[in-house]
A.B. asks: 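Questions regarding the structure given below will be posed in turn.
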2 protein chains.
Amino acid sequence: MPPFDMARTREKSASAEMNPCGACPVRSLTVCAALDPEELRRLADILQNVRVDSGHTLFAEGDSADALYNVTSGTVKLYKLLPDGRRQITGFLVTGDFLGLAVNDSYAYTAETVTSSSLCRFPRKKIDALLEEFPKMQRRLFSMASNELAAAQDQMLLLGRKTAKEKICSFLLMLSQRAARRGHKENPVFVPMSRADIADYLGLTTETVSRTFTQLKTAGVISLQEGNKVLIADLDAMYDLAEGA
Amino acid sequence: MPPFDMARTREKSASAEMNPCGACPVRSLTVCAALDPEELRRLADILQNVRVDSGHTLFAEGDSADALYNVTSGTVKLYKLLPDGRRQITGFLVTGDFLGLAVNDSYAYTAETVTSSSLCRFPRKKIDALLEEFPKMQRRLFSMASNELAAAQDQMLLLGRKTAKEKICSFLLMLSQRAARRGHKENPVFVPMSRADIADYLGLTTETVSRTFTQLKTAGVISLQEGNKVLIADLDAMYDLAEGA
DNA sequence: CGATCCCTTGAACGTAGTCAACGCGAGTGG
DNA sequence: CCACTCGCGTTGACTACGTTCAAGGGATCG
């Protein structure tokens, strides 16, 4: 029996065997894009499929960073805490996003599922070895990190300089655009996270988030629908409101 | 704002030969660390040394991103603007930091000098080719981007969840630690940027920055010295104040 | 059916923003 | 050489946006 078959038997989930990377429907979105079949096979050999229910912690800030993850379905939030419990969510990750970058071999943030999610888990040492071997993948990861960095700067602008209304509108537009890029319907927008999560992402309180939704609803810019969906009724107004026009 | 071509003197390979990367005193801090002599020579071949007076724009948000830069001396600020002029400074870069990562071949932010500065300029196409060739350098760049990303998340926590006093203390401590890591004296801290710049970095107004400095001064935690220096009189208090203890 | 969680709404409060004035030092020109 | 301007920092008075504290509704679940 070839060694790679041995490796595959170690995978946690049977679904990984039935759905190898070559057939992965979200590959084009992520770090695995543009790898050739042989490289994909090598990648499949080291990954574990992980399924996590909503509200569970993948890893906590300060944990030793022994794996990189790739979201294949669901939504994951990353956050940091202050000693007194104040929380800042630094990102909501969805299909195709990766997480687990480390500083000093420790995670810099806590990762927790918002909805039940599936992830590919790459043990650090193995993925590092593979990155050495496949510069193509290294470049891809770098380019994704660059995009993350640009998004982080947008978020700083939002946190430091936007009003509550502008923050909420920017947030909804971001979710909408992100859904569109993944081939989901961009309107109404699916908003799976709680008011508390939105507040901690935008630097607000739940009360302010709730009040601002009500304002926008009253102004006829959005309307709330069943199943945590938000219909953007006036897209132009949203764009204007998102930047203070 | 003066036109930057006037202030900027671009020295071609001639000066690069006189001061080759091999003798560069800040190499260990930056992307050029751990390259061998041959690789350094190749790097020196493509770089331009750039000297820029204070208050000049290196490039603006949206410009086509045709170069990567590396700060060798001085301080550079990066910022983004809202249509009505509100500004968020996303970082102050010093010796060893790089800038110029692009999204869609455009810069995502404006880069402007705070003090007169020197930079190494790497034309995009040439540096990309070199990165292909030297995976070592690619990895180094990636690891620096990872650190940037972690710093960005810290900044989001600051912007979203810290009070004015906590922001100012965190800021001064960051400057102090950064100076220490570069072998400069960490106390008193050199603070070359204006109140307006500090405000736009911390999501405050100049008045609040000024008032908070006065408060900290009155409380005996810091004292202001000649030449834009801040003496941290009570380091423990600063650490506590920075996280709301 | 009670307990819990999440969301919403109301009222009062407080932190930081806004508007305004002034001091100070550097640079400029009469 | 002095008067003037200009940019920057500081301080004061007032305001406002978002927070805090509190209450209640609605959905879910044991």
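As a basis for the values below, the full set of heavy atoms in this structure was taken, side chains included, without hydrogen atoms, waters or symmetry mates. Letters A, B, ... mirror the listed sequences (proteins, then strands); counts begin at 1.
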A.B. asks: At what distance, to the nearest 0.5 angstrom, does CG of A:Leu93 lie from OG1 of A:Thr113?
C.D. replies: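 One finds 11.5 Å between CG of A:Leu93 and OG1 of A:Thr113.
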A.B. asks: Going by the angle between their ring planes, with limits at 30° and 60°, are A:Phe92 and A:Phe171 parallel, tilted or perpendicular?
C.D. replies: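 Ring orientation of A:Phe92 relative to A:Phe171: tilted.
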A.B. asks: Tell me if a side-chain donor or acceptor on B:Ser170 pairs with a main-chain N or O of B:Ala242 at a distance below 3.5 Å.
C.D. replies: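 Indeed, once roles are kept as given, a pair shorter than 3.5 Å links the two residues.
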A.B. asks: Between A:Tyr109 and A:Tyr79, is the gap from one ring center to the other below 6.0 Å?
C.D. replies: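 Between A:Tyr109 and A:Tyr79, the centre distance exceeds or equals 6.0 Å.
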A.B. asks: Can you measure from OG (A:Ser118) to CG (A:Asn70) and round to the nearest 0.5 angstrom?
C.D. replies: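 Nearest 0.5 Å value for the OG-CG distance: 11.5 Å.
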A.B. asks: Could you tell me whether B:Gly203 contacts a base, only the sugar-phosphate backbone, or nothing, with contacts defined as non-hydrogen atoms closer than 4.0 Å?
C.D. replies: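 Sugar-phosphate contact only - B:Gly203 comes under 4.0 Å of backbone atoms but never of a base.
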A.B. asks: Do A:Ser106 and A:Asn104 meet the criterion of a side-chain donor-acceptor pair at a distance under 3.5 Å?
C.D. replies: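 Looking only at side-chain atoms, A:Asn104 and A:Ser106 do not form any donor-acceptor pair under 3.5 Å.
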A.B. asks: Earliest and latest nucleotide of DNA chain D, 5' to 3', sitting under 4.0 Å from a non-hydrogen atom of chain B?
C.D. replies: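 Counting from the 5' end, contacts occupy D:dG9 to D:dA13.
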A.B. asks: Check nucleotides 5-12 of chain C for protein N or O atoms closer than 3.5 Å to its own N or O atoms and list the pairs.
C.D. replies:
| residue | atom | partner | partner atom | Å |
| --- | --- | --- | --- | --- |
| C:dC7 | OP1 | A:Arg195 | N | 3.4 |
| C:dC7 | OP2 | A:Arg195 | N | 3.1 |
| C:dT8 | OP1 | A:Arg195 | NH2 | 3.4 |
| C:dT8 | OP2 | A:Arg195 | NE | 2.7 |
| C:dT8 | OP2 | A:Ser210 | OG | 2.7 |
| C:dT8 | O5' | A:Ser210 | OG | 3.0 |
| C:dT9 | OP2 | A:Thr214 | OG1 | 2.6 |
| C:dG10 | N7 | A:Arg211 | NH1 | 2.9 |
| C:dG10 | O6 | A:Arg211 | NH2 | 3.2 |
| C:dA11 | N6 | A:Arg211 | NH2 | 3.3 |

A.B. asks: Measure CZ/B:Arg161 against P/C:dT15 and give the value in whole Å, please.
C.D. replies: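 Taking atom P of C:dT15 as the reference, CZ of B:Arg161 is at 16 Å.
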A.B. asks: Would you check if the side chain of A:Glu148 reaches a backbone N or O of A:Asp97 as a donor-acceptor pair within less than 3.5 Å?
C.D. replies: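 Answer holds: no.
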A.B. asks: Under 6.0 Å between the ring centres of B:Phe98 and B:Tyr69?
C.D. replies: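 Not under 6.0 Å, so no.
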